[in-house]
A.B. asks: 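Below is one structure. I have some questions about it.
Values reported hereafter were calculated over all heavy atoms of this structure, with side chains retained and with hydrogens, waters and symmetry mates removed. Residues take their numbers from the sequence shown, with the count starting at 1.
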Amino acid sequence: MSKSGLLVIGEDGQVACCSPMVREPLGEEDAVDLAKMFKALSDPIRLRLLSLIASHEGGEACVCDLTGPFDVSQPTISHHLKVLREAGLVGSERRGTWVYYWVVPAALARLSSLLQTPAEAVPAGVVG
């Protein structure tokens, strides 16, 4: 791991290296894991769901609070939440008849650190 990498500890306690792509190329395993996360976020409904969960008061949202803002059925919302959960972007817990969701901060930190571009890596004349 390079000195420029950030360490992120996931839910499973594993440490993942998150060096920005401009510093070192991704390994095959990291590329596969990160592609799942980006693919999950490539759907507008899932991106909005993640945003709703992240911005919900208390940092977690009941599935009952997530169905109203969308013009799709509850099973469709459940499918999208499952995709986000399987990608490691959200966690969930059943409480009685409802399921509550929260954003996994380590996953967002991993995506964020991957896309960081240090100022010294930007070519002269490029406005960013």
Side-chain angles (χ1 to χ4, degrees):
M1 182 178 80
S2 73
K3 292 179 183 174
S4 63
L6 299 175
L7 292 180
V8 175
I9 300 175
E11 279 187 280
D12 57 2
Q14 298 258 339
V15 176
C17 176
C18 299
S19 293
M21 288 189 298
V22 298
R23 296 226 171 114
E24 60 187 61
L26 282 174
E28 185 175 344
E29 189 175 321
D30 283 336
V32 169
D33 290 343
L34 289 162
K36 288 177 188 175
M37 289 183 192
F38 283 116
K39 185 175 181 179
L41 292 175
S42 69
D43 183 278
I45 291 175
R46 290 193 288 265
L47 189 57
R48 286 185 59 209
L49 279 169
L50 186 72
S51 175
L52 280 169
I53 295 166
S55 63
H56 204 272
E57 187 176 332
E60 64 180 23
C62 175
V63 69
C64 60
D65 296 325
L66 300 173
T67 56
F70 299 96
D71 193 23
V72 295
S73 67
Q74 187 278 326
T76 301
I77 294 296
S78 291
H79 165 75
H80 287 299
L81 289 167
K82 178 182 174 187
V83 171
L84 290 170
R85 194 178 66 249
E86 288 176 348
L89 294 165
V90 299
S92 65
E93 177 182 74
R94 179 171 293 282
R95 298 180 195 155
T97 58
W98 298 110
V99 178
Y100 287 79
Y101 292 87
W102 59 87
V103 172
V104 177
L108 296 187
R110 187 173 184 206
L111 292 173
S112 177
S113 66
L114 176 75
L115 297 175
Q116 287 178 352
T117 306
E120 67 271 11
V122 178
V126 174
V127 179

A.B. asks: Check whether any side-chain heavy atom of Arg110 sits under 4.5 Å from a side-chain heavy atom of Met37, and report yes or no.
C.D. replies: yes

A.B. asks: Measuring from atom SG of Cys64 to atom OH of Tyr100, what distance do you get when rounded to the nearest 0.5 angstrom?
C.D. replies: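 Taking SG in Cys64 and OH in Tyr100, the distance rounds to 5.5 Å.
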
A.B. asks: Measure the spacing between CG of Leu115 and CZ of Phe38 and express it to the nearest 0.5 Å.
C.D. replies: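 Output value for this atom pair is 4.0 Å.
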
A.B. asks: Are any non-hydrogen side-chain atoms of Leu41 and Leu111 less than 4.5 angstrom apart?
C.D. replies: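 With C-beta onward as the side chain, the pair touches.
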
A.B. asks: For His56 and Glu60, which heavy atoms make the closest approach, and how far apart are they?
C.D. replies: ND1-O, 3.0 Å

A.B. asks: With rounding to the nearest 0.5 Å, note down the distance linking CD1 in Ile53 to CZ in Arg48.
C.D. replies: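 Going from CD1 on Ile53 over to CZ on Arg48, the span is 12.5 Å.
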
A.B. asks: Does a sphere of radius 6.0 Å around CD in Glu28 hold more than 12 heavy atoms from other residues, nucleotides or ligands, not counting ones at 6.0 Å or beyond?
C.D. replies: no

A.B. asks: Would you mind reporting whether His80 and Thr76 have side-chain heavy atoms less than 4.5 Å apart?
C.D. replies: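 Result yes, sub-4.5 Å side-chain heavy-atom pair found.
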
A.B. asks: So if you build clusters from Ile, Leu, Val, Met, Phe, Trp, Tyr with side-chain heavy-atom gaps below 4.5 Å, do Val103 and Leu34 land together?
C.D. replies: yes

A.B. asks: Kindly indicate whether the side chain of Arg46, heavy atoms from C-beta on, has any atom under 4.5 Å from the side chain of Leu89.
C.D. replies: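 They are not in side-chain contact.
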
A.B. asks: Does any non-hydrogen side-chain atom of Leu52 lie less than 4.5 Å from one of Pro69?
C.D. replies: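 With C-beta onward as the side chain, the pair touches.
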
A.B. asks: Taking the side chain as every heavy atom from C-beta outward, state whether Tyr101 and Arg85 have any pair of such atoms under 4.5 Å apart.
C.D. replies: yes

A.B. asks: Holding to side chain to side chain donor-acceptor pair (under 3.5 Å), I want the full list of residues that pass it with Thr97, two or more places apart in sequence or in another chain.
C.D. replies: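 Not a single residue meets the side chain to side chain donor-acceptor pair (under 3.5 Å) criterion with Thr97.
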
A.B. asks: Should Val99 and Leu81 count as side-chain neighbours, where that means a heavy-atom distance under 4.5 Å?
C.D. replies: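 Val99 does not reach Leu81 side chain to side chain.
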
A.B. asks: Mark yes or no for whether Ser42, through its side chain, and Lys39, through its backbone, hold a donor-acceptor pair below 3.5 Å.
C.D. replies: yes

A.B. asks: Hey, could you give me the CG/NE2 distance between Leu84 and His79, rounded to the nearest 0.5 Å?
C.D. replies: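 It is 9.5 Å, given to the nearest 0.5 Å.
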
A.B. asks: With a 4.5 Å cut-off on side-chain heavy atoms, are Glu57 and Asp65 touching?
C.D. replies: no

A.B. asks: Given side chain to side chain contact (heavy atoms under 4.5 Å, CB included), test Leu108 with Leu50 step by step and report yes or no.
C.D. replies: CA-CA 10 Å; Leu108 296 187; Leu50 186 72; 4.1 Å; yes

A.B. asks: Identify the two heavy atoms, one from Gly88 and one from Ala107, that lie closest to each other, and give their separation to 0.1 Å.
C.D. replies: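 Heavy-atom minimum between the residues: O-CB, 3.3 Å.
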
A.B. asks: Closest approach of Val104 and Val90, non-hydrogen atoms and distance?
C.D. replies: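 Closest pair (atom of Val104, atom of Val90, distance): CG2-C, 3.6 Å.
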
